[in-house]
Amino acid sequence: MIKAKPQQALSFYDSVQAYFDKAAVHTGLDQGLLDQIKVCNAVYRMKFPVKINGGVQVIEAYRVQHSHHRSPTKGGIRYSKHVNQEEVMALATLMTFKCAIVDVPFGGAKGGVAITPWDYNEEQLEKITRRYTAELIKRNFIGPSIDVPAPDYGTGEREMAWIYDTYRTFNGEEIDAAGCVTGKPVTQQGIRGRKEATGRGVYYGIREAVNSAEDMKKVGLEPGLEGKTMVIQGLGNVGSFAGKISQDEGGAKIIGIGEVEGAIYKPDGIDIHDLIRFRKETGSILNYPGATNFSKADRGKVIEFECDILVPAALENEITVNNVDKVKAKIIAEAANGPITSEAANILVNKGVLILPDLYLNAGGVTVSYFEWLKNLSHMRFGRMEKRFNQNIMAEMVNVIEEKTGKKITDIQKQTLVRGADEIDLVRSGLEETMISAYHQIRDIMVRNPSIKDLRTAAFVNAINKISSDYLNLGIFP
Ligand code: GLU
């Protein structure tokens, strides 16, 4: 018997273009304006030499600025062997729409270095990062008012600190130099809550969606996150925080996890903290007590696990025409960028699956990056001015209540009442507000327009409309 050949899945870039086109028809905007909003404005492809183990290696890297309708442009830097021009263009495009959805006043950008980071030691990675930054500086592709990188797959606080230090070395006089990159360590002009931000935003987005009784009825679930089963693909920064917070604050029951070494399934629940500890100790999620193992070759099966909410939190193109029929989840929460190709997404939407789209759901990272950038430009920690003032007012209020009622307020109650907000409280509150209001903006567009059948199309419509008004205000378009 001849086995059916797997179909060629749509590329990530083509998917993003298809998502845009699908939404553009609902905006009624001039084609020229839509063309301008869709294209990548600037693509910088570079190759540079780095001395590694006595020999020279030529490193390939990119920075793409998708849209200059607002400044600076903003987006992470990815270190992965899969990095190529099209991938970075797709990711930069998503950043533009992501920023518009959460009202972060930036254009979209993305960077990529085509290396496998764990093939290099710390010293070598530092060399590569500093050289990449120098290339960006040379071409004016980085700066607090130009283009502001951040972490992405394969990078983190450490790399951001190297970028900041390199930038500062070249721009010693610049008072706002710290705003040249976000996701820095808190001790080096970073902000509290940035590391968890994308995962926390994913949690707020899921929570908002599952709280709608009407939407849950459509997928055959009760409202509320408590007790809902969740499967997570990828335990990197985003997946692990999304899982921890959904379990601890939302009461979600995590029953499956996928990682590079394999996947595990345990329908009676996995404590995510315990699993992370187990993986640290053993080097793998496999053989976690009580769970069924899926080997490295079968790790893709994680997207087929029976569950309420599937959270792809790894890389793009995980769900394609070749495996979409096997997906059993009722809700897919796109914590990663581009985990579903546009063809597969159409199939899922027609089947009634609720998809929380990447450009909304993982926008928590760039939202808190915006707060960090503001902190850097203001040269002051959030909460510094008002914390004590608010605390004193609250203490006075408690005294007055006790005096007037003649009743004592307990110490535990006092602890929660008499408190001024710290930076972390304000960051979380700003993020929560952003994710909730963005969700309702998108959902309202979908509800008001019956020809829009999914949240992704509604999210793109929302973003395109916001960006178009910037262009129209500039007077470039009639
Ligand atoms: N890399 C993250 C993203 O894809 C964060 C970008 C940023 O903070 O600028 O959204």
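Note that the structure is a prediction, hence the values are computed from the model and not measured. Counting convention: from 1, in listed order, for ligands and their atoms alike.
- Distances below 4.0 Å separate heavy atoms of Met95 from the following atoms of ligand 1: 3 (C), 4 (O), 6 (C), 10 (O).
- Listed by atom number, the atoms of ligand 1 under 4.0 Å from Ser369 heavy atoms are 7 (C), 8 (O), 9 (O).
- The neighbour count for Arg384 CZ, taken as heavy atoms of other residues, nucleotides or ligands under 6.0 Å away, does not exceed 12.
- Scanning the protein heavy atoms around atom 4 (O) of ligand 1, the nearest turns out to be Lys110 NZ, 2.8 Å.
- Taking distance alone, with nitrogen or oxygen atoms compared against 3.5 Å, Asp152 approaches ligand 1 more closely than that limit.
- Under 4.0 angstrom from ligand 1, there are no non-hydrogen atoms of Thr198.
- In terms of protein heavy-atom proximity, atom 7 (C) of ligand 1 is nearest to Ala150 CB, 3.3 Å.
- Lys296 NZ: 12 or fewer foreign heavy atoms inside a 6.0 Å radius.
- In this comparison of Arg194, Arg78, Lys98, the heavy atom closest to atom 3 (C) of ligand 1 sits on Lys98.
- For Lys81, the NZ atom counts as loosely surrounded, since its 6.0 Å shell holds 12 or fewer non-hydrogen atoms of other residues, nucleotides or ligands.
- Checked for salt-bridge contact, Lys387 and Asp422 meet the test: a charged N lies under 4.0 Å from a carboxylate O.
- When ring centroids are compared, Tyr439 and Tyr204 stay outside the 6.0 Å threshold.
- Near Asn337, with a cut-off below 4.0 Å to any heavy atom, the atoms of ligand 1 are 4 (O).
- Contact annotation: for Pro151 versus ligand 1, heavy atoms closer than 4.0 Å belong to the backbone alone.
- Using a 4.0 Å cut-off between charged nitrogen and carboxylate oxygen, Arg428 and Glu423 do not count as a salt-bridge pair.
- Here is the list of ligand 1 atoms found below 4.0 Å of a heavy atom in Gly365: 8 (O).
- Remark: aromatic rings of Tyr370 and Phe106 are close, center separation under 6.0 Å.
- Nearest approach of Ile272 to Lys244, heavy atoms of both residues: CG2-CA, 3.7 Å.
- Residue Gly75 approaches ligand 1 through these ligand atoms, each under 4.0 Å from one of its heavy atoms: 9 (O).
- Of all protein heavy atoms, the one closest to atom 9 (O) of ligand 1 is Lys74 NZ, 2.8 Å.
- Ligand 1 places these atoms under 4.0 Å from at least one heavy atom of Gly76: 1 (N), 6 (C).
- Aromatic rings from Tyr44 and Tyr62 are positioned such that their centres are separated by 6.0 Å or more.
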